Amino acid sequence: MHVPVRVGVIGCGNIFSRYATGMSRFPGLELVAVADVDAARAHVAAAETGAAACTVDGLLGRTDVEVVVNITPPTAHAAVSEQALAAGKHLYVEKPLADTTAAARATLAEADRRGLMLGAAPDTFLGSAGQTARAAIDAGAIGEPVGATAFVTHSQAETWHPDPTFLFQPGGGPALDMGPYYLTALVNCLGPVSAVYGASRIGAPQRTVTAPGRLVDRIDVAVPTHTAATLTFASGALATVMMSFDVWDHHLPFIEIYGTEGTLSLPDPNGYDGPVLLRRHGDPQWAELPPAVPPLARPGTDEQLLRGIGVADLAAALRDGRPHHATAGLAFHVLDALESIGVSAGTGAPVELASTCERPEPVDGTYGAEALKTLETHP
Ligand SMILES: NC(=O)c1ccc[n+]([C@@H]2O[C@H](COP(=O)([O-])OP(=O)(O)OC[C@H]3O[C@@H](n4cnc5c(N)ncnc54)[C@H](O)[C@@H]3O)[C@@H](O)[C@H]2O)c1
């Protein structure tokens, strides 16, 4: 058993508690410091976790912090990442890796230049659903994958996030906010994307915030809130992807993958676990596949929104001297695909992607076993 990797979190907003609780499931991680430009938020986070409340510079100056977790809003990601890398810290960044590929490229180059590890959300594909679907495809359960559908429907942030302004500004929108979960899941199963075509529009020009304890009442919308896209994968598979903050009610699946011999249906990629269903041509009904690895949290509960396995995997990789799974290269490729859908929507022409990536290697069951044991001991 290695000495735990000491972690400092920058950004103590809405998602902070889910990281703190989520990371506490993994014995390989120790949260030692928290920071936020809003000092009061850092103090609340420190009181909640027992970590030290710091300024950003103070956290980055601490010699005991080995890995920084950047969970600031998307438009702040690149600048905070640059600060953390300049301080010599390994880094894990929330999605999207940056608000533009240009900014993300600079982050990648800096980590590379300094020989520092760089990981990025989403990490949900490391859960049992993503691993099970990928194993089924690799085993030929649906034959050759031909097509896929993915539907990002409204997460209704106006009803629960105290200030969802950033979701309706550049760096946000359904594509950059929720798209990474769905596209990462598709790349995990089907490999890299080679070309995209998209169309998009703003639904309503203003949104009303109804969340309890809200900090804003209305938001002017500055990015498309409804996008329709087709993705061509290097494998030849074609995906139809909708990403929307305008679809409040529907009967759509999350993700389905269609092969020459059958169909796979995947659960919400915003969570880690849940039923992966297979129906081969001629089967009388859908069959739930046995999970390829243990779940990280109880399916169908709010535990699915806890975060941290990507950080735990990066930390274990740091100690073991091996590659991690939720890589910045994967996150960059997904950001490139999403940004290119936006470019295509603007020009009306398809876009060939300049980037590609390797499919992440499958994980073993260690993380699920650790995480579930902790959750069951401290529910
Ligand atoms: N909210 C969610 O449910 C959720 C879920 C998954 C992922 N995420 C991602 O996590 C990130 C944060 O989301 P959130 O909802 O917690 O946002 P938030 O706005 O609630 O919190 C962000 C925090 O970062 C702080 N901050 C901003 N700029 C900073 C800087 N330069 N240095 C230090 N602190 C700074 C803010 O003061 C704020 O406390 C985003 O990238 C988002 O996409 C959010």
Side-chain angles (χ1 to χ4, degrees), residues 8-23 33-46 48 53-60 68-84 86-87 89 91-100 103-104 107 119-125 152 154-182 184 209 211 213-216 219 223 243 245 268-272 302-311 326 331 334-335 338:
V9 171
I10 301 181
C12 304
N14 192 265
I15 188 74
F16 173 82
S17 297
R18 288 191 240 154
Y19 261 93
T21 307
M23 290 195 300
V34 294
D36 197 293
V37 279
D38 182 339
R41 289 190 178 186
H43 281 100
V44 170
E48 178 187 327
C54 304
T55 61
V56 172
D57 286 342
L59 183 147
L60 294 176
V68 165
V69 177
N70 176 357
I71 47 176
T72 59
T75 46
H77 284 178
V80 171
S81 293
E82 188 186 331
Q83 280 178 278
K89 307 300 185 189
L91 179 63
Y92 184 87
V93 188
E94 247 303 333
K95 49 79 192 166
L97 180 54
D99 53 349
T100 64
T107 306
D123 58 3
T124 44
F125 71 95
V152 176
H154 194 18
S155 49
Q156 305 187 10
E158 297 103 305
T159 65
W160 55 264
H161 198 301
D163 185 1
T165 306
F166 73 91
L167 295 176
F168 299 94
Q169 303 294 324
L176 286 193
D177 181 53
M178 296 303 290
Y181 295 111
Y182 290 72
T184 305
V209 181
R214 61 188 167 274
L215 302 172
V216 292
I219 299 170
V223 288
M243 298 177 282
F245 284 164
D268 185 354
N270 191 15
Y272 298 85
D302 281 352
E303 290 172 3
Q304 290 297 322
L305 296 174
L306 297 176
R307 297 295 183 242
I309 180 179
V311 185
V334 165
L335 176 61
L338 291 165

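Just so it is clear, the model here is predicted, and its values are computed rather than measured. First listed ligand is number 1; within each ligand, the first listed atom is number 1.
- Near ligand 1, heavy-atom contacts under 4.0 Å come from I10, G11, C12, G13, N14, I15, R18, D36, V37, R41, V56, I71, T72, P73, P74, A76, H77, V80, E94, K95, W160, H161, F166, D177, Y181.
- The side-chain hydrogen bond (donor to acceptor under 3.5 Å, both in side chains) check on T75 picks up nothing, with sequence neighbours excluded.
- Under the side-chain contact (heavy atoms from CB on, under 4.5 Å) criterion, V56 pairs with I10, A35, L60, Q83, not counting sequence neighbours.
- Proximity of E94 to N70: side-chain heavy atoms (C-beta onward) are nowhere separated by under 4.5 Å.
- A heavy-atom distance below 4.5 Å is not found between the side chains of R307 and V311.
- Of the inter-residue distances, the one linking Y181 atom OH with K95 atom NZ reads 4.0 Å to the nearest 0.5 angstrom.
- Every residue meeting the ring-ring contact (aromatic ring centres under 6.0 Å, His included) condition with H161, not counting sequence neighbours, appears here in chain and number order: F166.
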